[in-house]
Amino acid sequence: MTPEQNAAKIIEVAVPLPLDATFHYSVPDTLAHRASIGVRVLIPFGRRKITGYVVGTPAASAEEVREIVDVFDEEPLFTEKELAFFRWSAAYYFHPLGEVIKAALPAGINLTSRKRNVVAADGTLVQEEVLTGGRPVKRETFYRAVAAAGPPPKLRGTMLRLHEYLCRVEEAPATQLRREFAATAVHFRRLLDLGLVAAAEREVYRDPFREEVFVHDLPLALNVHQAAALEHLSAAVARGAFAPFLLHGVTGSGKTEVYLQAIARVLEKGGTALVLVPEIALTPQLVKRFKSRFTSGIAVLHSGLSDGERYDEWRRIRRREVTIVIGARSALFAPLTNLGIIVVDEEHESSYKQSEGFRYNARDLALVRGKMEGAVVVLGSATPLVTTYHAVQQGKIGYLQLPERVRSLPMPTTELLDSRGRKSATFLPELVAAMGDNLANGGQTLLFLNRRGFATYLVCEECGTVLSCPNCSVTLTYHRRRERHFCHYCDYSIPAPSVCPKCDSPSIALLGRGTERVEEEVRELYPDAGIGRMDRDTTSGRGGHSRVLKGLENGTVDILVGTQMIAKGHDFPGVTLVGVISADATLNIPDFRSSERTFQLISQVIGRAGRGDMPGRVLIQTLNPGHYAITRAVAHDFTGFYQDETAFRAEAGYPPFAYLAALIFSGNSAQEVDKGATAAAGLLQRLKGEARSRVEILGPVSSPLAMIRGRYRRQILLKSGQRPELHRLVARFRKQLKLPAVVRMAIDIDPLDML
Ligand code: ADP
Ligand code: ZN
Ligand code: ZN
């Protein structure tokens with residue numbers, strides 16, 4: 001190395017590629033002052049040029065380093081504190097730091113590249129890559145009135161109204177004036193020419209809630225349980241140190257009110273708040289409650305935002321114009337400074353776990369971020385995770401309970417209907433009778449079935465062929481309205497055949513039922529009733545949820561059929577009957593969490609009944625009337641369920657008594673995947689022997705879904721009573737593993753979905 005190179009500034013760069021390393025580069029003097037931690041740089045990488053993130057400024061580098069080409073950002077995109085969090089997450093989930101950072105930043109910020117032809121110095125035509133920085137910000141023209149020199153000219157019509165209005169207000173954006181006064185470019189130009197108004201262009205945010213007006217409300221007087229919970233939270237907020245809590249209370253017990261008041265304490269101290277909710281619970285009603293309570297800036301992050309809107313919200317947060325962020329999973333990475341509280345509502349929801357790419361769990365990382373920031377973390381749920389409640393028992397998480405509903409409504413009466421040996425009708429007679437009674441009394445009914453579509457499979461009664469997906473190991477679901485059979489994993493579909501595709505026999509049967517069939521059968525039973533359906537098929541598109549729920553609110557829907565969507569978070573005061581078509585669908589999923597999920601779902605469904613002034617009734621059809629997940633849910637007995645479930649988990653060695661990591665191997669060739677997974681298992685066994693580790697290595701086995709989207713899958717499950725031991729083994733394994741290029745491996749730490 002020459003002395004000049006020695007003196008150059010060195011930076012550590014993370015790249016958004018599946019690589020387990022960061023890289024050193026030197027910075028030319030002209031760029032040195034801008035290449036600080038948190039900015040993006042353009043770097044030569046192999047024979048390409050790519051974008052990377054500056055994550056360190058080491059004093060020197062032992063490696064031979066290349067020089068960066070450019071610096072993209074004037075200001076850092078992340079702080080060193082956020083970087084520490086990204087680093088922790090990358091290490092914990094064994095995911096490349098550059099990809100973690102990319103996932104944490106809003107998509108709208110990413111540079112887009114396009115190719116363009118340029119004439120090189122030697123006269124030949126070459127392709128050059130042009131990078132354009134991020135999404136353009138939105139600008140808008142604002143008008144304001146100014147005093148004209150000389151006597152005021154006579155104005156009439158639109159011009160007059162516009163001018164009068166602008167004299168009254170400070171200034172107004174062009175879009176508003178166009179809308180309210182039917183003003184056009186001609187009007188604006190005349191007023192400008194006359195010297196009556198001035199125009200200024202400014203950056204504006206795309207705010208999806210801009211148009212709405214919120215009526216300000218005040219904190220409610222808390223009941224004794226809420227007050228006790230708030231007292232503990234306020235004390236923790238006052239201490240200003242990391243403090244995790246479980247807020248255990250059924251829907252309607254006043255958890256949200258407690259969050260609101262705890263957040264108020266944080267804001268008073270000058271802190272900020274992060275509220276995570278499952279996507280499905282991120283309704284306008286929830287946002288409205290926050291916007292009505294707080295006059296300070298609130299950002300809302302959900303999947304319905306365009307990249308531009310998301311980027312705008314992100315910039316508002318970064319510029320500290322926001323003190324509260326409400327959002328789904330990825331909002332965990334919101335760049336709030338001085339974070340005082342993180343709320344994870346419905347902490348048991350599996351949607352907090354990202355199932356592809358960077359497989360993080362926002363509920364778990366909320367505790368990590370809270371610890372790093374010295375914040376209070378509140379996990380709220382009516383049916384907490386078994387692992388969370390275990391941590392409470394161990395004294396690691398504080399316990400706050402709201403044991404009753406705010407308006408002391410009685411819990412609904414619940415009956416189990418044993419479907420064993422009683423023909424495979426959709427409704428047992430008891431449920432039909434109850435629906436009829438409820439309809440006659442003017443009550444609303446919810447019918448729950450956790451499967452969408454009409455029929456779950458088509459089978460040929462002649463040759464036994466079952467219609468299944470050519471890309472995935474699942475049957476195709478028949479959707480009647482669209483007259484097609486769909487794969488729910490890859491969206492492959494075919495038109496509904498009238499004869500068996502294999503033997504041409506016309507005796508084909510549609511078996512199994514989904515929400516679409518239930519809806520149809522209810523229509524046949526009650527042709528005059530208002531009937532609606534709520535599942536992924538009827539709620540797609542913006543505002544899909546509210547569209548369906550509107551019918552329940554305004555009373556045009558008497559019976560609503562739906563998947564788990566109807567089980568969650570909504571408050572329907574008119575619902576006096578809930579029917580569970582089959583409680584067994586989730587119970588039979590081959591996953592150690594199936595009992596827990598079933599308990600949670602049934603508990604939630606039960607919670608939907610009798611939220612208004614009328615008492616509620618719940619009927620549950622099941623083939624497993626003795627299963628503890630069902631009996632404990634029916635008895636509203638969380639602790640009983642916890643005991644049964646922990647007994648099973650302790651015996652079988654599952655969380656909270658063991659930590660898990662899944663290694664998923666996939667590829668287009670079953671043979672290669674099999675070979676790769678077997679070799680990987682061999683390496684694991686060898687490393688385990690060398691380290692005298694007690695990690696259990698299970699597999700490789702075929703994944704329960706052996707093929708998804710045309711890719712074969714095999715998996716290895718690692719189990720250990722100690723997290724560090726598990727982590728060390730995976731780290732060593734990952735360094736030494738050599739897989740053929742056609743086989744991909746994903747590491748899933750604390751896997752939730754074992755399919
Ligand atoms: P959760 O989040 O547990 O479902 P909420 O906070 O949404 O409960 O409360 C349920 C309902 O009760 C809401 O309509 C809320 O406004 C009302 N509520 C909550 N706390 C009180 C209180 N202390 N006094 C009166 N009404 C309350
Ligand atoms: Zn056939
Ligand atoms: Zn498929």
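First listed ligand is number 1; within each ligand, the first listed atom is number 1. Values below: all heavy atoms of this structure, side chains included; hydrogens, waters and symmetry mates excluded.
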> With a cut-off of 6.0 Å (strictly less than), are more than 12 heavy atoms of other residues, nucleotides or ligands near NZ of Lys502?
Replying inline: no
> Any idea which part of Glu346 is under 4.0 Å from ligand 1, heavy-atom wise: side chain, backbone, both or neither?
Replying inline: neither
> So does His232 have more than 12 non-hydrogen atoms from other groups sitting under 6.0 Å from NE2?
Replying inline: no
> Does CZ in Phe486 sit with more than 12 non-hydrogen atoms of other residues, nucleotides or ligands closer than 6.0 Å?
Replying inline: yes
>> Taking distance alone, with N or O pairs closer than 3.5 Å, would you say Gly252 contacts ligand 1?
In response: yes
> Looking at Arg480, Arg452, Arg484, Arg451, which hits salt bridge (Lys or Arg N to Asp or Glu O under 4.0 Å) with Asp537?
Replying inline: Arg452
Cut-off 3.5 Å, no hydrogens considered: what does the side-chain donor-acceptor table look like for residues 259-266, sequence neighbours left out?
residue, atom, partner, partner atom, Å
Tyr259, OH, Asp345, OD1, 2.7
Gln261, NE2, Leu220, O, 2.9
Gln261, NE2, Glu257, OE2, 2.8
Arg265, NH1, Ser234, OG, 2.8

> For Glu483, does the CD atom have more than 12 heavy-atom neighbours from other residues, nucleotides or ligands under 6.0 Å away?
Replying inline: yes
> Relative to atom 23 (N) of ligand 1, which among Ala221, Gly254, Pro219, Gly249 owns the nearest non-hydrogen atom?
Replying inline: Ala221
>> Any carboxylate oxygen within less than 4.0 angstrom of a Lys/Arg side-chain nitrogen, looking at Arg363 and Glu347?
In response: yes
> With a 4.0 Å cut-off on heavy atoms, does Arg289 reach ligand 1?
Replying inline: yes
>> Let's test this: below 2.8 Å, count the protein N/O/S atoms around the Zn ion (ligand 3).
In response: 4
> What's within reach of the Zn ion (ligand 2), meaning protein N/O/S atoms under 2.8 Å?
Replying inline: Cys460 SG, Cys463 SG, Cys500 SG, Cys503 SG
> Atom OG1 of Thr477 and atom CG of Leu458: how far apart are they, to the nearest 0.5 Å?
Replying inline: 11.0 Å
> Where's the contact between Val250 and ligand 1, heavy-atom distance under 4.0 Å: side chain, backbone, both or neither?
Replying inline: backbone
> With respect to Tyr642, which candidate in Glu596, His390, Arg632 satisfies the side-chain contact (heavy atoms from CB on, under 4.5 Å) definition?
Replying inline: His390
> Which ligand 1 atoms are under 4.0 Å away from a heavy-atom of Lys255?
Replying inline: 1 (P), 2 (O), 3 (O), 6 (O), 8 (O)
>> Tell me whether Glu231 at atom CD has more than 12 heavy atoms from other residues, nucleotides or ligands lying less than 6.0 Å away.
In response: no
>> Test of understanding: with ring pair (Phe, Tyr, Trp, His ring centres under 6.0 Å), list the residues that count as partners of Phe638, not counting sequence neighbours.
In response: His248, Tyr389
> Which atoms of ligand 1 sit under 4.0 Å from any heavy atom of Ser253?
Replying inline: 3 (O), 8 (O)
> Between Asp217 and Lys288, is there a side-chain N and carboxylate O pair less than 4.0 Å apart?
Replying inline: no
> Relative to the heavy atoms of Asn223, which atoms of ligand 1 are at a distance of less than 4.0 Å?
Replying inline: 23 (N)
>> With heavy-atom distances below 4.0 Å as the criterion, list the atoms of ligand 1 near Thr256.
In response: 1 (P), 2 (O), 6 (O), 7 (O)
>> For Ser253 and Arg405, which I'm curious about, is there any donor-acceptor pair between the side chains at under 3.5 Å?
In response: no
> Looking only at heavy atoms, is any part of Leu220 under 4.0 Å from ligand 1, and if so is it the side chain, the backbone, or both, or is it neither?
Replying inline: side chain
> Can you find a heavy atom in the side chain of Leu476 that is under 4.5 Å from one in the side chain of Tyr492?
Replying inline: yes
